[in-house]
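Okay, so here's the structure we're looking at.
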Amino acid sequence: ARAVAANPGGLAFERGHELTVALGVEDPEVATSAGQGFGAFGAASFGGRLVPRLGVGLGLEWLRPSRAQLEPDPGKPFRLTLGAAAALWRNVGAGIAWHHFHADGRLDGVDSFDLGLSLRLGSHLAAGAVLRDLASPGVGGARVQRRYEAEGVVRPFGSDVLEAGLGGRIGETRGDVDGWFRASLRVARGFYLHGEVESRELHVLADTGVGIQEHGGRDVRATVGIELSFGTFGVTSLAT
């Protein structure tokens with residue numbers, strides 16, 4: 001169900017119906033991530049025989065960014081996401097997602113679009129690509145840059161016993177380059193371990209007393225967690 005926000009192309013592979021709720025709790029003084037928030041995501045699929053398979057998704061997110069560290073103040077925005085994807089072939093899905101913000105700050109009324117492509121190359125390989133913030137307007141005088149993301153995934157044993165993914169992101173305006181490696185291991189039936197390491201380029205504006213200066217650098221973060229699956233219900237906990 002979270003494919004509607006992560007990669008709308010993945011909605012084409014949805015089977016049946018799915019509902020996901022997510023809660024993020026973070027340090028409100030740290031502005032290098034999306035901040036705290038709560039989200040609910042749903043997905044459903046149709047067709048697949050006489051007509052091409054179609055997947056649709058809905059996302060409702062209440063966001064709480066680090067307002068004290070950001071300029072202009074983004075407020076406490078609510079983001080609505082609608083997505084749809086079609087199966088071009090049996091193993092290829094292409095989709096689009098529309099995001100709409102409602103807020104008491106500069107984000108109010110802002111719309112953005114994502115395009116996604118997802119490929120399942122048998123049981124061992126998969127790949128995905130996303131173009132984020134296509135044709136998005138500026139926010140508070142700041143330009144929103146388009147971002148290009150791609151990831152390749154391998155399952156050496158052809159199952160979810162072991163999965164590893166390597167991905168990257170490029171920002172169009174500043175040429176930022178980010179990258180990540182993630183892996184998951186099925187320890188026992190219904191019990192998984194997850195891990196990820198990500199390196200992200202940062203651009204921070206700081207008031208030095210003699211003017212505003214931009215400071216660059218990289219943010220390296222590690223995430224670990226566990227997932228318990230009970231068939232039709234599951235729960236995941238992650239720490240970064």
Side-chain angles (χ1 to χ4, degrees), residues 1-22 39 41-45 47-48 52-57 59 83-97 114-132 147-170 177-200 220-240:
R2 296 189 71 177
V4 69
N7 182 348
L11 292 171
F13 299 106
E14 174 66 24
R15 299 295 184 265
H17 308 279
E18 183 173 314
L19 174 67
T20 298
V21 293
F41 307 88
S45 62
R53 178 173 296 278
L54 176 68
V56 296
L88 303 182
W89 294 277
R90 181 179 178 182
N91 297 321
V92 181
I96 184 172
D114 298 339
L115 300 179
L117 185 69
S118 185
L119 300 88
R120 304 285 176 87
L121 307 174
S123 300
H124 293 81
L125 297 172
V130 184
L131 169 56
R132 299 198 183 278
R147 292 164 291 158
Y148 302 86
E149 296 183 3
E151 183 184 65
V153 179
V154 59
R155 286 182 167 181
F157 306 108
S159 69
D160 60 354
V161 171
L162 177 63
E163 177 178 301
L166 180 66
R169 177 191 306 110
I170 298 177
V177 177
D178 305 329
W180 61 85
F181 172 79
R182 64 180 181 86
S184 64
L185 175 68
R186 189 181 72 196
V187 179
R189 184 178 180 183
F191 179 56
Y192 300 83
L193 297 178
H194 298 292
E196 179 177 353
V197 176
E198 179 181 10
S199 176
R200 181 179 301 181
V220 179
R221 63 185 68 188
T223 301
V224 295
I226 61 173
E227 176 184 349
L228 300 177
S229 175
F230 305 97
T232 57
F233 175 78
V235 60
T236 302
S237 177
L238 301 168
T240 302

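All values reported here derive from a predicted model rather than from experimental measurement. Excluded from the calculations below are hydrogen atoms, water molecules and symmetry mates; all remaining heavy atoms, backbone and side chain alike, are included. In this chain, numbering begins with 1 at the start of the sequence shown.
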Got a sec, which residues hit side-chain contact (heavy atoms from CB on, under 4.5 Å) with [X], two or more places apart in sequence or on another chain?
X      : result
Ala3   : Leu11
Val224 : none
Leu166 : Phe181
Glu198 : Arg169, Trp180, Glu196, Arg200, Arg221

Identify the two heavy atoms, one from [X] and one from [Y], that lie closest to each other, and give their separation to 0.1 Å.
X     : Y     : result
Ala44 : His17 : CB-ND1, 3.1 Å
Ala12 : Ala85 : N-CB, 3.6 Å
Arg53 : Ser45 : NH1-OG, 3.5 Å
Ala1  : Thr20 : CB-OG1, 3.8 Å

With [X], which residues qualify under side-chain hydrogen bond (donor to acceptor under 3.5 Å, both in side chains), at least two apart?
X      : answer
Arg155 : Glu163
Ser199 : Arg218
Arg15  : none

Find out whether Arg182 and Val153 are in side-chain contact, i.e. whether some heavy atom of one side chain is under 4.5 Å from a heavy atom of the other.
-> yes
State the CZ-CG distance between Phe191 and Leu185, to the nearest 0.5 angstrom.
-> 9.0 Å
Please report, to 0.1 Å, the donor-acceptor pairs under 3.5 Å made by any side chain of residues 114-132, with sequence neighbours excluded.
unit_1, atom_1, unit_2, atom_2, d
Asp114, OD1, Asp133, N, 3.0
Asp114, OD2, His99, NE2, 2.7
Asp114, OD2, Arg132, NH1, 3.4
Arg132, NE, Glu149, OE1, 3.2
Arg132, NE, Glu149, OE2, 3.0
Arg132, NH1, Ala5, O, 3.2
Arg132, NH2, Ala6, O, 2.5
Arg132, NH2, Glu149, OE1, 3.2

Could you note down all residue pairs passing salt bridge (Lys or Arg N to Asp or Glu O under 4.0 Å) where residues 184-193 supplies at least one of them, sequence neighbours left out?
-> Asp160-Arg186
Please set out all donor-acceptor pairs under 3.5 angstrom arising from side-chain atoms of residues 227-240, sequence neighbours excluded.
unit_1, atom_1, unit_2, atom_2, d
Glu227, OE1, His194, NE2, 2.7
Thr240, OG1, Thr223, OG1, 2.9

